[in-house]
Structures are given as C-alpha cells and as structure tokens.
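Encoded as structure tokens, the structure appears first; notes follow it.
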There are 2 protein chains.
Amino acid sequence: MAGTRRHGGGRGRPTLEEVAARAGVGRGTVSRVINGSPRVSDRTRTAVEQAVAELGYVPNRVARALAANRADAVALVIPEPETRLFAEPYFSDIIRGVGAELAETDLQLLLTLIRTPKERQRLADYLSAHRVDGVLLVSVHADDPLPDLLEQIEMPAVLSGRRSAHESVPYVDSDNTGGAQSAVEHLIGRGRSTVATITGPLDMYVAQCRLAGYRAAVRAAGREVDPELVAVADFTEEGGRRAMRRLLDQRPDVDGVFAASDVMAAGARQVLRENGRRVPDDVALVGFEDSAVARHMDPPLTSVRQGTEEMGRAMVRVLLEEIEGPSDRTSKRPQLVLPTQLVRRASS
Amino acid sequence: MAGTRRHGGGRGRPTLEEVAARAGVGRGTVSRVINGSPRVSDRTRTAVEQAVAELGYVPNRVARALAANRADAVALVIPEPETRLFAEPYFSDIIRGVGAELAETDLQLLLTLIRTPKERQRLADYLSAHRVDGVLLVSVHADDPLPDLLEQIEMPAVLSGRRSAHESVPYVDSDNTGGAQSAVEHLIGRGRSTVATITGPLDMYVAQCRLAGYRAAVRAAGREVDPELVAVADFTEEGGRRAMRRLLDQRPDVDGVFAASDVMAAGARQVLRENGRRVPDDVALVGFEDSAVARHMDPPLTSVRQGTEEMGRAMVRVLLEEIEGPSDRTSKRPQLVLPTQLVRRASS
DNA sequence: ATCACAGCTGGGAGCGCTCCCACAGTACCT
DNA sequence: AGGTACTGTGGGAGCGCTCCCAGCTGTGAT
C-alpha cells in the first residue's frame with residue numbers, strides 16, 4: 001500500500017452547493033429534496049430537480065456517510081476455507097439472493113472473505129470503523145466469537161443458520177429437521193427397509209438437526225434407530241465416500257441412504273457404483289440442498305431443496321429491520337425458519 | 001429506504017484528535033504515523049503508537065476517503081443473468097481469487113450484481129460518485145458500453161476476457177485458442193477420427209477463440225474442418241443437449257466431442273447416454289473450464305483448466321497498477337493472457 | 001557569530017454532506 | 001390587534017480525516 005491513489009471519476013463533479021446555487025436555494029433545501037423530505041414546497045422541489053438534472057448531480061456517498069454517520073453498506077462475511085469444502089453452490093446462491101434484495105435498496109454490498117484468524121481480527125476493526133451499517137454472517141461455527149463481538153459493539157447482524165438450538169442472535173435458517181424427515185419418509189415410503197444416513201460433523205447444529213430428522217422419520221415408521229446405519233462424515237465428498245464404504249461394509253443390506261448434503265451424496269454414489277450397486281434399483285439415494293451438483297449427478301439426485309437464494313433475501317430483510325430499529329435481548333429477536341421441499345429425481 | 005440508520009459500531013470510538021491529545025502531539029503527526037510517513041522521529045512515533053494501542057484507535061475509513069478523495073475500495077461487477085447461465089463456478093472462483101489478492105491490500109471489495117439495464121445505469125452513477133478506486137468487469141459482452149464509459153470518466157478498470165481481438169482496455173484473459181487446440185489435439189491423439197465441437201454463441205469472442213483452437217488442431221492433423229461437425233450453442237446445458245442431438249443426427253459416426261464449456265459437455269453427456277453411446281468407449285468427451293461440474297460428472301470429464309482463481313488474482317494486480325499510475329491509449333496497456341492446461345480424466 | 005538548510009512538527013483549511021436551529025411567512029384562532 | 005401554530009427555508013456547525021504551509025529546532029558551512 002503506497003502512493004497516491006487517484007480518484008477515479010469526476011474531477012469536477014457538481015456538489016450540493018453548486019446545485020443549490022443554480023436552483024437559487026440553500027444547501028439544506030437541496031438536501032431535503034435529494035432525500036425525499038416532505039417539507040419542501042412543490043415549486044422549490046421542481047426547481048431543485050431541474051438543477052440536479054441539468055448539472056448531472058450525483059450525491060457523494062462518502063460525504064454523506066461521514067456526515068450522517070452511516071455507511072449505506074452492509075457486509076457479507078464468508079469464512080472461506082470451509083465454504084470451499086462443503087458449500088460451493090450454497091455460497092453463490094446466498095450471494096445471489098443478497099444481491100437481489102439489496103438492489104432494491106440503495107445499500108451496497110461489501111464482500112469479505114475470511115481465510116485466517118488474523119483476517120478475522122482485522123474484520124472486527126473494519127466493521128467498527130464505520131464502514132458498514134450491518135453484517136450478514138454465513139456458515140458460522142458453534143464456537144465463533146464474531147456474533148457476540150458484533151453484539152457488543154451494537155452492530156446489527158444476521159446469521160444464516162444457528163449455532164445452537166438457543167441461538168440468541170437474529171438468524172435465518174431452513175427447516176433442516178423437517179427437510180431431513182421428509183427425505184427419509186420418502187425413502188421409507190418407497191418401500192426401502194434399511195435406510196441409512198450420512199451426517200455432517202455433529203458439532204455443527206445443522207448436522208444435528210438433519211440427523212434428528214432422520215431419527216424422527218425412522219421412529220415415525222415404527223422402527224428402531226440402528227446406530228450402524230448412522231455414519232458420521234464432514235460434508236465433503238471424500239467424507240461421503242468413506243461413510244458409504246463403512247455403511248456397505250457393516251450393513252450390506254442397506255437399500256436407502258439419506259446424505260445430509262448433495263456433495264456427500266455424490267461421494268456415496270461413486271462408492272455405490274464401484275461396488276456394483278445400482279441407483280436407485282439397489283440403493284435409493286437422497287441428498288440435501290438441491291444444488292447444481294444434484295441436478296448433474298447420474299442419475300439426477302433427489303434432494304431437499306432449501307431455497308438458498310431466498311435465504312439470502314430473507315437475511316437482508318431481517319438485517320434492514322435490525323438496522324432500522326435493533327432488537328435486544330429483552331425483546332423478541334427476528335428469527336426465521338424457512339420451509340424446505342423434497343425435489344424428486346431419478347435417484348430414489 | 002427511509003428513517004434514521006443508526007451507526008453500527010463505536011459510539012465513542014476514539015478519533016485522530018484524541019490520539020494526538022493523548023500522545024501530546026498534533027493531528028498531523030498522528031496522521032503521519034498512521035500512514036507510515038518516514039518524516040517522524042522515532043520517539044514521537046513510539047509515543048503515538050502507544051496512544052493508538054491504549055485507545056484502541058482505528059482510523060475512520062469514511063473520513064479518510066472523503067479527505068483524501070479516494071475510496072480504498074474496488075468494485076467487482078458481475079452481470080447476473082448471464083453468469084447464472086454459463087459460468088456458475090467461474091463466478092465463485094473469480095470472487096475467490098479477487099478476495100484473496102485484495103486481502104493483502106487494505107482495499108475492500110464491493111460486489112455489484114447487474115440484472116437489468118436500469119441497474120447498469122445506476123452503476124455508472126455509483127462508480128462516478130467516488131465510491132471506488134477501480135472496477136473489475138467480468139464476462140463483458142462485445143457490445144457492452146461500460147468499459148468505454150469507465151474510460152471516459154478515467155476510472156481504472158480491468159476486464160476478464162476480451163470483447164474482441166483488439167481490446168483497447170486492460171484485461172486478463174486465458175489462452176482460449178491454445179486450450180481448445182490442446183483439447184482437440186488430445187482427442188485426435190487418442191485415435192478419434194471424427195471429432196466434433198460444441199461452441200458458445202459466436203458473438204462472444206471467447207467462443208470464437210475456442211472454435212479457432214478446434215479448427216487449428218483439426219487442420220494441424222491434416223484434416224478438413226467439416227461444418228457438420230461444428231454445432232453452435234450458447235454455453236448452457238440445454239444448449240449442449242440440443243447441439244449433441246443435432247451432431248448425432250447429422251453425423252452418427254462422431255467419436256469425439258470438444259465442448260467449449262463443462263456445462264455444455266454435461267448436456268451433451270446426457271444425450272449420449274440417452275442414445276446408448278458410452279463415454280469414452282464410443283464417444284470421447286472433453287470440456288473447458290475444469291469446474292466442479294467436470295469433476296462430478298460420470299465419468300469425470302477431461303477438461304481444459306483455465307485457472308479461474310488465478311485470473312481473479314491477476315485482475316486485481318493489474319487493477320492496482322492502473323490505480324497507481326493509469327496507462328492510456330498511447331502507452332502500452334497491461335493485457336495478460338494466462339496459460340491453460342488440459343486435465344485428463346476418464347471421459348477421453 | 002551568521003546564515004542556510006535540512007528534519008520534524010502543529011494546526012488551519014477544507015473534503016461534501018447532514019443536522020438542526022433560527023427565522024420568515026401564512027393562516028387561523030381569540 | 002395580538003397571539004399561537006404551523007410550513008418552508010437558509011445557513012452555521014461539524015463529521016474525522018488529509019494536505020500543506022508555516023514555524024521551530026538542530027546541524028554544519030561560512
């Protein structure tokens with residue numbers, strides 16, 4: 001970082017003051033017109049609007065941010081290494097949703113990838129240095145200090161997913177338990193008698209929920225939950241492969257598998273093929289997330305759709321509310337759980 | 001958009017002034033220390049640094065931006081509808097690269113998705129309203145006015161890919177022609193006698209280049225370029241399917257296919273399966289991009305790796321140079337072409 | 001001792017806005 | 001006629017920095 005950074009655009013961009021002069025009014029009045037205040041007479045408003053148009057005036061957002069003590073921007077924080085592993089499509093879908101919803105406001109989107117603890121530290125500084133009005137946190141781990149830290153400095157924040165069943169911070173989550181349950185019910189409904197599950201790491205709440213859904217569905221069918229049919233993995237493709245091998249090894253009679261993520265389902269599918277098991281004829285397979293991976297598998301994967309893009313949109317809506325008027329521990333926090341939906345394809 | 005937007009963080013964040021008071025020096029001196037100016041005595045520097053530490057001072061970037069007339073931020077502009085269609089993984093890989101490279105500077109990343117012409121208009125305003133120091137443009141169409149517009153307002157910009165062979169603006173591109181050529185040479189080298197190609201829309205320069213590479217390889221093998229073996233598509237999966245059907249219809253003897261994108265290869269693969277053609281036994285298949293799609297296909301897809309993440313990094317490096325000291329039409333523009341590499345998998 | 005010229009330092013001016021207070025004008029009551 | 005209550009409006013103050021110009025030191029040459 002060195003040297004003189006030239007400003008990009010308008011050398012001689014018109015300022016508020018110039019607009020005021022041209023319209024023959026004061027600065028305050030122009031400001032009111034720009035910000036849509038109702039306390040301006042129609043005649044004045046028209047005059048100002050004309051001057052704005054003639055001069056091609058565009059408010060300087062930096063000056064506005066400084067004067068008004070706000071940033072007109074929100075940050076989307078993405079912990080990078082993990083995201084890469086298990087949630088590729090998730091990540092871009094969230095961005096899409098967030099971007100779409102934000103486009104309808106005049107807020108800007110600051111993207112922050114975190115790779116190292118050092119960067120996480122810098123992040124806290126950034127955020128408190130008034131660059132953003134609020135923060136969206138994606139795929140937060142149970143032990144992540146960031147949410148509480150943000151709470152301390154009174155920075156509005158919304159999580160995607162919960163850290164635990166008693167999440168204290170505003171969040172938007174999808175119905176992991178219900179989604180998993182419907183997936184397993186579907187497998188059982190298709191006549192599968194020995195339905196296994198491949199889970200995510202159980203220190204993640206999302207993995208716990210999907211496992212709980214599996215259990216609920218098994219019990220609802222009047223069966224016992226067999227520990228040999230539960231293989232713990234880590235949301236990666238390789239993890240899915242290992243888990244499937246173990247399953248095949250311990251319970252060769254398995255005829256249905258619910259994987260807690262599409263990527264793990266893809267890994268499982270490879271192992272099934274290697275072992276000469278046909279999908280869905282010998283083993284029916286269902287995933288979770290309904291990402292691009294699911295559509296591209298052979299056969300296409302039945303999966304639990306969680307509407308990731310809609311989650312992104314919802315996060316923004318919640319965040320805007322928090323920015324407008326923050327909730328606190330005493331009031332009811334905005335916490336949303338979005339429905340999921342089973343998308344049936346040829347794998348089951 | 002209404003109401004009072006609360007500032008997020010520091011109610012009582014310390015200011016430069018307070019640091020100066022505590023260190024017993026003037027504002028200017030603190031500013032010099034913060035910005036690493038050499039014109040400060042060691043004693044003073046130490047005193048200031050201590051005051052900074054004690055107070056937990058973090059410079060207000062907004063104030064800095066206003067005073068210094070720079071933004072400490074760059075924008076990554078992504079035209080959304082197209083990106084969704086043909087370059088899902090491309091898009092997130094670029095972001096990854098850009099984010100990584102930017103992390104080593106103190107620049108922030110502003111993500112801007114463009115969906116409509118109206119949003120494109122607003123974008124020009126944003127950019128000229130001093131919110132960013134430079135712009136990264138992804139997947140720019142041949143007729144996109146934005147690059148020239150940015151040039152007019154002297155906003156540093158870098159493209160990913162070229163609009164044409166005579167691109168005037170700084171860019172980072174991958175060796176599309178060479179990559180395509182090596183893919184087709186590979187197919188021919190594997191003994192395939194009737195090698196077809198599925199191209200992107202030919203009004204895109206990237207598609208032209210990949211077709212040119214196909215042609216070059218065919219000719220280099222001493223063969224004629226048969227128009228019936230060239231199927232024009234649009235970088236989508238459905239386009240890939242349609243093109244493959246046409247190819248199979250017109251030239252049932254086809255035994256090798258080079259698709260100009262992984263996604264189109266995926267579409268082609270489906271049609272091949274429907275028609276009972278085995279991959280690679282009956283038809284060898286190669287894609288372009290080496291995205292996640294390629295790895296997840298069955299069989300895994302041989303593809304031309306273009307190092308998308310590295311492209312993102314390179315774009316940032318070029319942009320930083322442009323911001324430091326802009327090149328103009330008379331000087332030599334920084335224009336980079338990154339090498340590609342064939343990644344062999346089971347599909348060929 | 002005098003001058004020149006460095007190396008450091010303090011602080012005024014100003015970036016382009018918003019906020020808010022004061023005040024003019026009009027209308028409507030006693 | 002005087003009061004009260006608005007609506008509209010102008011412009012000072014200030015957000016927290018950077019820039020830059022003086023001024024203040026100390027050193028070495030004259």
Side-chain angles (χ1 to χ4, degrees), chain A residues 1-7 9-21 23-48 52 55 57-72 106 128-131 133, chain B residues 1-7 9-48 52 55 57-72 106 128-131:
Chain A
M1 281 328 340
T4 320
R5 188 164 301 139
R6 284 185 350 105
H7 60 290
R11 175 91 36 190
R13 287 219 147 259
T15 68
L16 230 201
E17 192 107 34
E18 296 175 57
V19 174
V25 300
R27 281 195 339 274
T29 303
V30 177
S31 177
R32 261 165 243 135
V33 172
I34 299 296
N35 295 294
S37 156
R39 322 212 139 289
V40 183
S41 70
D42 284 349
R43 239 165 51 84
T44 312
R45 163 167 287 115
T46 309
V48 171
V52 166
L55 260 33
Y57 170 73
V58 180
N60 183 324
R61 311 189 102 218
V62 177
R64 174 180 292 185
L66 180 60
N69 196 29
R70 57 191 162 93
D72 286 335
D106 63 351
S128 49
H130 287 277
R131 283 295 285 193
D133 297 315
Chain B
M1 285 319 341
T4 321
R5 190 166 297 138
R6 287 187 346 107
H7 61 289
R11 175 92 33 189
R13 286 220 148 258
T15 69
L16 230 202
E17 192 107 34
E18 296 175 57
V19 174
R22 175 150 198 143
V25 300
R27 279 194 341 271
T29 303
V30 178
S31 177
R32 261 166 243 136
V33 172
I34 297 296
N35 294 294
S37 156
R39 325 212 136 288
V40 183
S41 71
D42 284 350
R43 241 166 49 82
T44 311
R45 164 167 286 115
T46 310
V48 170
V52 166
L55 260 33
Y57 170 73
V58 180
N60 182 324
R61 310 190 102 218
V62 176
R64 173 181 293 184
L66 179 61
N69 196 29
R70 59 192 161 90
D72 286 337
D106 63 351
S128 49
H130 285 275
R131 283 295 283 194

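Lettering follows sequence order; numbering is per chain, from 1.
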Problem set entry | Identified side-chain contact (heavy atoms from CB on, under 4.5 Å) counterpart of V33(B) within the set T44(B), V48(B), V52(B) | V48(B)
Problem set entry | Nearest-angstrom distance from the residue atom CZ of R70(A) to C1' of dC19(C) | 12 Å
Exercise. Tell me, do R64(A) and D72(A) make a side-chain contact under 4.5 Å, heavy atoms counted?
Worked result: yes
Exercise. Within less than 4.0 Å of OP1 or OP2 of dG8(D), is there a side-chain N or O belonging to S41(A)?
Worked result: no
For this session: Choose from dT18(C), dT9(C), dG8(D) the nucleotide whose nearest atom is closest to any side-chain atom of V40(B).
Result: dT9(C)
For this session: Specify the residue among L66(A) and R43(B) whose closest nucleotide of DNA chain C lies further upstream toward the 5′ end.
Result: R43(B)
Exercise. Whole-Å distance between dC20(D) C1' and R27(B) CZ?
Worked result: 12 Å
For this session: Using only side-chain N and O atoms of T29(B), determine if any of them is under 4.0 Å from OP1 or OP2 of dT9(C).
Result: no
For this session: With the side chain of Y57(A) defined as its heavy atoms from C-beta on, choose the nearest nucleotide among dG14(C), dG8(D), dC17(C).
Result: dC17(C)
Exercise. Which atoms form the tightest heavy-atom contact between R131(A) and A71(B), and what is the distance?
Worked result: NH2-O, 3.6 Å
Exercise. To the nearest angstrom, how far is D72(A) atom CG from dC17(C) atom P?
Worked result: 13 Å
For this session: Starting from the C-alpha separation in whole Å, work towards a yes-or-no answer on side chain to side chain contact (heavy atoms under 4.5 Å, CB included) for V30(A) and I34(A).
Result: CA-CA 6 Å; V30(A) 177; I34(A) 299 296; 4.0 Å; yes
For this session: Calculate the interatomic distance between N69(B) atom CG and dC17(C) atom P; express it in whole Å.
Result: 12 Å
Problem set entry | Contact check, side chains of L55(B) and R22(B), non-hydrogen atoms, under 4.5 Å | yes
Seminar exercise, completed: Between T15(B) and V25(A), whichever has its closest DNA chain D nucleotide further toward 5' is V25(A)
Exercise. Quick one: does R39(A) reach the base of dT9(D) with a side-chain donor-acceptor pair under 3.5 Å?
Worked result: no
For this session: Determine the contact category for R64(B): base if any of its heavy atoms lies under 4.0 Å from a base atom, sugar-phosphate if only primed atoms, P, OP1 or OP2 are that close, otherwise nothing.
Result: sugar-phosphate
For this session: Could you state the atom-to-atom distance from CZ of R32(B) to P of dG11(C) in whole Å?
Result: 12 Å
For this session: Whole angstrom is fine here: how far is it from CD in E17(A) over to C1' in dC17(C)?
Result: 10 Å
Exercise. Which whole-number value in Å describes the distance from R61(A) CZ to dC17(C) C1'?
Worked result: 13 Å
Problem set entry | Nearest-angstrom distance from the residue atom CG of N35(B) to P of dC20(D) | 13 Å
